[in-house]
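Being a predicted model, the structure only gives us computed values, none of them experimental.
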Amino acid sequence: MNRTENACEIEEQLLSEKSYTLMLLNDDVNTFDYVIDNLMELCHHTYEQAFQCAWITHCYGKCDVLHGSREKVAGVAEIMTRRGLTVKITK
């Protein structure tokens, strides 16, 4: 195996590990501040990122807020669901 093939395999593996997306879905229950606080805590967004995601979710009905491995995304999704946020995992 040459270096190019090895680099391609490593890149493919990294992409497959991060191929899951956590989508935040709009609801009429949670406040902007509550959503922003959760995005900052659970997804490690800055305030600006969290505000933009909350606004996009409000305007368009959904926003991708986290990318990563299935385990990482599923763990955050579970916590968000327990906190009353509506989320969906996509591949």
Discussion item. One pair to check against side-chain contact (heavy atoms from CB on, under 4.5 Å): T21 and K91. What are the steps and the verdict?
Written reply: CA-CA 6 Å; T21 301; K91 183 159 170 86; over 6 Å; no
Item to complete: Measure the shortest side-chain to side-chain distance between M23 and V65 over non-hydrogen atoms and say whether it is less than 4.5 angstrom.
Response: no
When the side chains of residues 32-39 are checked against the rest of the protein, which donor-acceptor pairs come out under 3.5 Å, sequence neighbours left out?
from: Y34; atom 1: OH; to: R83; atom 2: O; distance (Å): 2.6
from: N38; atom 1: OD1; to: R83; atom 2: NH1; distance (Å): 2.7
from: N38; atom 1: ND2; to: Y34; atom 2: O; distance (Å): 2.8

Discussion item. Taking side-chain contact (heavy atoms from CB on, under 4.5 Å) as the definition, give me every residue that meets it alongside I89, ordered by chain and number, with sequence neighbours left out.
Written reply: Y20, L22, R70, V73, A74, A77
Worksheet item: For the atom pair CG (L24) and OG1 (T57), what is the distance rounded to the nearest 0.5 Å?
Response: 4.0 Å
Practice prompt. Check whether any side-chain heavy atom of C63 sits under 4.5 Å from a side-chain heavy atom of H58, and report yes or no.
Written response: no
Discussion item. Can you list everything that forms a side-chain contact (heavy atoms from CB on, under 4.5 Å) with T81? Sequence neighbours excluded, please.
Written reply: V87
Fill in: Value rounded to 0.5 Å, distance of CG in L66 from NE2 in H45
6.5 Å
Discussion item. I need the K88 NZ to K62 NZ distance, nearest 0.5 Å.
Written reply: 6.5 Å
Worksheet item: Quick one: hydrophobic cluster around V29, which other residues, with the 4.5 Å side-chain cut-off, linked directly or via members?
Response: none
Practice prompt. Could you tell me which residues satisfy side chain to side chain donor-acceptor pair (under 3.5 Å) with N30, sequence neighbours excluded, listed by chain and number?
Written response: D27
Practice prompt. Begin with the C-alpha distance, continue with both residues' side-chain angles, and end with the deciding distance and a verdict on side-chain contact (heavy atoms from CB on, under 4.5 Å) for M80 and C43.
Written response: CA-CA 10 Å; M80 288 181 134; C43 300; 4.1 Å; yes
Indicate every side-chain donor-acceptor pair of residues 48-55 with a distance under 3.5 Å to a residue at least two apart or in another chain.
from: Q49; atom 1: OE1; to: T46; atom 2: N; distance (Å): 2.8
from: Q49; atom 1: OE1; to: T46; atom 2: OG1; distance (Å): 3.4

